[in-house]
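Taking it in order: structure first as structure tokens, then the write-up.
Chain identifiers are assigned alphabetically (A, B, ...) following the order of the sequence lines, protein sequences preceding nucleic acid strands; residue numbering begins at 1 within each chain.
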Number of protein chains: 2
Amino acid sequence: MKHLKPLKSVQLRGTGILDYDNSENQLFLEEERRMSYLGFRCLEISRWVVCGLIGFLTGLIACFIDIMVEQLTGLKYYVVKENIEKFTAGGGLSISLILWAVLNSAFVMVGAIIVAFFEPIAGGSGIPQIKCYLNGVKIPRVVRLKTLLVKVAGVICSVAGGLVVGKEGPMIHSGAVVAAGVSQGRSTSLKRDFKIFEYFRRDTEKRDFVSAGAAAGVSAAFGAPVGGVLFSLEEAASYWNQMLTWRIFFASMISTFTLNFFLSVYNKNPGELSNPGLINFGSFDRNVRSLCSFCQFLTASGLLGALFNALNYWLTIFRIRYIHRPCLQVMEAMLVAAVTATVSFIMIYFSNACQPLDVVQGEDYPLQLYCDDGEYNSMATTFFNRPEKSVQNLFHNPPGSYHPLTLGVFTITYFFLACWTYGLAVSAGVFIPSLLIGAAWGRLIGIMLGAALLGFIWADPGKYALIGAAAQLGGIVRMTLSLTVILIEATGNVTYGLPLMLVLMTAKIVGDYFEEGLYDIHIKLQSVPFVHSEAPPTSHWLTAREVMSSPVTSFNRVERVGTIVDLLSNTSTNHNGFPVVVSNANGEEPAKLCGLILRSQLIVLLKHKVFVELARSKLTRRKLQLKDFRDAYPRFPPIQSIHVSQDERECMMDLTEFMNPTPYTVPQETSLPRVYKLFRALGLRHLVVVDDSNRVVGLVTRKDLARYHLGKHGLEELQLAQT
Amino acid sequence: MKHLKPLKSVQLRGTGILDYDNSENQLFLEEERRMSYLGFRCLEISRWVVCGLIGFLTGLIACFIDIMVEQLTGLKYYVVKENIEKFTAGGGLSISLILWAVLNSAFVMVGAIIVAFFEPIAGGSGIPQIKCYLNGVKIPRVVRLKTLLVKVAGVICSVAGGLVVGKEGPMIHSGAVVAAGVSQGRSTSLKRDFKIFEYFRRDTEKRDFVSAGAAAGVSAAFGAPVGGVLFSLEEAASYWNQMLTWRIFFASMISTFTLNFFLSVYNKNPGELSNPGLINFGSFDRNVRSLCSFCQFLTASGLLGALFNALNYWLTIFRIRYIHRPCLQVMEAMLVAAVTATVSFIMIYFSNACQPLDVVQGEDYPLQLYCDDGEYNSMATTFFNRPEKSVQNLFHNPPGSYHPLTLGVFTITYFFLACWTYGLAVSAGVFIPSLLIGAAWGRLIGIMLGAALLGFIWADPGKYALIGAAAQLGGIVRMTLSLTVILIEATGNVTYGLPLMLVLMTAKIVGDYFEEGLYDIHIKLQSVPFVHSEAPPTSHWLTAREVMSSPVTSFNRVERVGTIVDLLSNTSTNHNGFPVVVSNANGEEPAKLCGLILRSQLIVLLKHKVFVELARSKLTRRKLQLKDFRDAYPRFPPIQSIHVSQDERECMMDLTEFMNPTPYTVPQETSLPRVYKLFRALGLRHLVVVDDSNRVVGLVTRKDLARYHLGKHGLEELQLAQT
């Protein structure tokens, strides 16, 4: 096995792992056993209420973003269009250019400043971060209120600033933050505790709600509730839980319905619910005959996607190395905004893609420029539009609306601009740019085919644009199931399912051969211990003995406080879970496993000074309850902040009540795929490896599994950041 | 806890449990380790090919059924219509009635005879059986070729025979059989072994393919590929496997596409793919304003569903007791067919629901009867149609097409007929009748509301029909996620998602209060150990110690053949999995666990006489390979058929190589929900319970978990059939 060098990586401080396995200690079991059937019913109902709220709020946020973007871009295009028309005849269009570039840069500056200076984690689409969260890796500050505010403001600014970005990706992150906030019934940032939903204050429940939030985000972004559910499942689900999935679906439905309703009201036709998502593909007819020859996409799609990803990878490495100061990041973002405006302007200026005005209906900002009266510049239209509208136009405008050269130039320009833009310190998604690039080259191929075959096959270029868009998007993000369903729902036509699926599959296979998916690249650059859904196929020859961390630091059932404090303070090991053991009488052999206790639990115990001696002396002392753990969740104090006096160090702590007495264990000979399956299916964080007498011999953590990776030369071992 | 009396049940002989956890013994690991990366690639590709084939064949079968039914019913209606028209003026309509009843009974007789005499398991919709299979319980003969043939022929006969049934449910069963057949690369019935796909000859792989087959069946039936995937996941998935889901989706897509393509060719407009499923709801507009007042459905839906289920439950009990001889079953089916025809005829005869002919377009068999010229009898239309077409009519015919009284009478008649029909010894589904009943009363409510509110709300009765149909279906089958998605896909409009979801949820909640779902009732009547997706909420106070079977029969690592044979022959225990233990030196304490071996593995070992003594004497003896186990799969011979001589009984068998050395274990204190989760997430069949020194103290099997059930009086314990 090759031991690869560690990737250059952003070392994320304080990355944590979520515990998806309940610590079933005595306190927990007592609470559960005390709870009546009615109590469980009430809990279930509150879960539904929370999911409904998540959906509603996510829908509202999507609606807010959409309206704000529409207003701001409307204003901007109006000003620029007026200006261009003023200067077209008399010359001096450079003033228009400067105006445009300055307007864009100003918007982007605001967006970049809030991201770079206030909350860097709100940059980008947020999808890699949410993928990590759902996978079980918690990136710090990713689900905080502040992140949400910066995200929303940031995405409005960057879209209004004319960057080659979409507002869809950030919706997924926004939904997740909403979920994490609503479900906890309190806001640590606002220092308010509403004393509700206290039961949900643990990783297991919170992650379930975040899944619902992410699904609601997808649902609002694309009007694809089922796609949202599948996105969450694809990324999160280990153990398929029927009721949970049903709740996630509920949140998604509410989300798309809320958005739909409010946008309809905003567009002054309430009841005519025609805006299920931030982007609508419009409806296609069912004739897919013309797509019989879509084979030409099959390799192109993956290649273009892989190229995009590779370029973006090098760019990101460059950024990590040289552009890490916030002010530099803001300047880069402004530069990109200005360049985008300039490039667009130059292309509009030099193109003579004049089209008669009557072909297209409902063009918001037709720009005449140097075209004849009654004509408009089609290149200008593509740039002078909200990108969602441009995608729709590419799908649905009748044959002949676009000049092939326009499309070719547009594809190339947009490709490089989008690639440069992704990874800037602004909130922005990559879905819409990908769709736009793909739709442009798809339509181009459609036109060329139509010309080449002289009508042998009747090629509707709009359908080719759809397939191209899917191919490009699939080649970049490499999502499979959820993306297919999202696209089917966005087109509203199941007939396109098979072609879309085949294209996405090929894009993934071809793309994977060259380069990973964009999100995976960014996840890997953060070197988080991401556990994929299955063990690499050729890993049967590895066993638990080889992958486990050993020796293991373990505690006795009744342990000296000093020992615990010292072990927790030891920064070199920084373990999070500790087996609890019972020593033999003679104390020679390794001791038998009797439980597992977490760092966070120990910290709460230390903070409340739950020591045997103190319990004896003060008989009235309140017994520690689950509530104390919940109040401390999720921001457990670091061990350094807990003061333990020298006398207290000699006290003893009885862990029996607080440890999980039935941790999952495996024998040493268990093969890696088997360990992997157990780990992933149950969402574990620690798996104790025992010998044939139930004595602890090692501990498998998430990092031990995430190391193994199937590279081009077989199984490889990655180096991961310390967590 | 109340120990309930066992339910009256059909004791299914030989019901088996599927093993969804690979037995990772030395043979298996050696094979996996020998396999190169390319080998795994090839396997993966063949999985895709198999899924494609499954989808294609399932689509073809759906297409065949559809065309056959259309031809036969067309012929029947033509004959009867001619006859009625001949006798309308002159009197003597009783002859028409007899003709109709005889025609129907003849079709149904054929359908009932093949089911009752040749393959009783092919009766009904097959969905309960497939639910069981996907859950891990194998009902004998459920996925055999003969079952498929009888199923297909039976469903054609029963639909053509005018029974109140649908052809959608059986498609799911058909898809599953296709999958089980294709994936094994051989047919035991035809005695052909194609020597391909040998790797897939085990429960794990086979169940995966059967999931794909069931999904393909749903997909073909409703044109709902995503719904199909979710159906399979809802019923089967324990461990969410991304690639598997993606393959299931592929099979579904291929299936609907195949059906669509061939039906389009059959309807002579290839390319215009407009038949994605056996039933199409047609397209609705997006205005859901008129549904604001759909609250009245919310309780009605569940109540009607529960009533249906309760009636059917009593009927089924009656049938089990008194109508168990095949000839009686055939006669009952014929009786129902004759009664259905008679009732329909009487209703047509006495109704004067005349409607002008031009209102409805494309009515296939408009019957004038006693109406004026230029009018037709709308009641006749509802009965004189393929039920799929009637559903479409109820959804889409303009307001005023139906007389309220017609609808009321139709609802009541159809309700009782459908209830009587489900459970007959014919292949038939309950989806379409449910939709039809629901659509009728939904439309009725729509009309009454429109009249009552005098146009205050503009009520399109067709939309009410849709909601009513969903409510009725949901109230009967109580599927949640998958049914919502199926209906969304069938309507092709995500806007109806939220209303549909709310109605289905309420139907389920209200219905569950009174009676279980129809499929669950039938599953329970077969008293199979069905493990639901979650443990009952109030079961935290039960631990593994209480649920496990104890004492456990276990073997030594090297065991005497006689002991093994005697234990396997012991019919009173009839265990399927045996822990393998290593005794201590003194042999007093319970021995330590070192593996787990299955009955089927022992039988193969006995059959090949893998005895230590023989291995020593004949050095050239071929080593037993995985292939030998695969060849015996899935019909392992019973122990009685294996002859072991008296000498051989004294030989020893070394189980080391064949046992699974790393079975999953839990400590005795593990709570039931934790055991349940492990069991369900990993699809286990046996879970060994050990003490703190890894000594076997018990074994948890599927039956131990399936016993616990949340009834109206808290946790209840069921009695299950011996498996």
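Heavy-atom distances place both the backbone and the side chain of Phe249(A) under 4.5 Å from chain B. In this structure, no portion of Thr258(A) lies under 4.5 Å from any heavy atom of chain B. For Asn660(A), the part lying near chain B is the side chain, with the backbone staying farther off; criterion is any non-hydrogen pair under 4.5 Å. Looking at Ser255(B), there are no atoms closer than 4.5 Å to chain A (heavy atoms on both sides), in backbone or side chain. Contacts of Phe28(A) with chain B are made by side-chain atoms alone, with heavy-atom separations under 4.5 Å and no backbone atom involved. The part of Pro663(A) that comes within reach of chain B is its backbone (N, CA, C, O), which places non-hydrogen atoms under 4.5 angstrom from that chain. Both the backbone and the side chain of Ile254(A) come within contact range of chain B, judged by heavy atoms closer than 4.5 Å. For Ser36(B), the part sitting under 4.5 Å from any heavy atom of chain A is the backbone (N, CA, C, O) and nothing else. Of the atoms belonging to Glu489(A), it is side-chain heavy atoms, and not backbone ones, that fall under 4.5 Å from chain B.
Surrounding CZ of Arg33(A) are more than 12 heavy atoms belonging to other residues, nucleotides or ligands, all under 6.0 Å away.
In this structure, Phe250(B) and Trp48(B) have perpendicular ring planes: the angle between them is above 60°, well past the 30° mark.
Of the listed residues (Trp246(B), Tyr664(B), Phe40(B)), the greatest number of heavy-atom pairs within a distance under 4.5 Å of chain A belongs to Trp246(B). Contact tally against chain B (heavy-atom pairs below 4.5 Å) for Gly497(A), Pro537(A), Ala224(A): the top residue is Pro537(A). Ranked by heavy-atom pairs under 4.5 Å with chain B, the list Thr665(A), Val226(A), Thr256(A) is led by Val226(A). Taking chain B as the reference chain and counting heavy-atom pairs below 4.5 Å, the highest number among Val690(A), Val229(A), Thr484(A) is found for Thr484(A). Among Gly223(A), Pro661(A), Ser671(A), the residue making the largest number of heavy-atom pairs under 4.5 Å with chain B is Ser671(A). Per-residue heavy-atom pair counts under 4.5 Å with chain B were compared for Arg41(A), Met505(A), Met35(A), and the maximum is reached by Met505(A). Ranking Glu44(A), Met243(A), Glu30(A), Met253(A) against chain B, the residue ahead of the rest is Met253(A), based on heavy-atom pairs under 4.5 Å.
With values rounded to the nearest 0.5 angstrom, Leu596(B) atom CG is found 10.0 Å from Leu687(B) atom CG. Rounding to the nearest 0.5 Å places NZ of Lys677(B) at 13.0 Å from OG1 of Thr670(B).
For the residue pair Ser693(B) / Lys592(B), no side-chain donor-acceptor distance below 3.5 Å is found, with atom types taken as modelled.
At least one side-chain heavy atom of Glu24(A) sits under 4.5 Å from a side-chain heavy atom of His540(B). Residues Leu504(A) and Leu487(A) are in side-chain contact: their nearest non-hydrogen atoms beyond the backbone lie under 4.5 Å apart.
Taking a cutoff of 4.0 Å between a charged side-chain nitrogen and a carboxylate oxygen, Arg674(B) and Glu669(B) do not qualify as a salt bridge.
Shown here for Ala544(A) and Val675(A), the closest heavy-atom pair between the two residues is CB-CG2, 4.0 Å.
Side chain of Glu234(B) to backbone of Ser482(B): a donor-acceptor contact under 3.5 angstrom is found.
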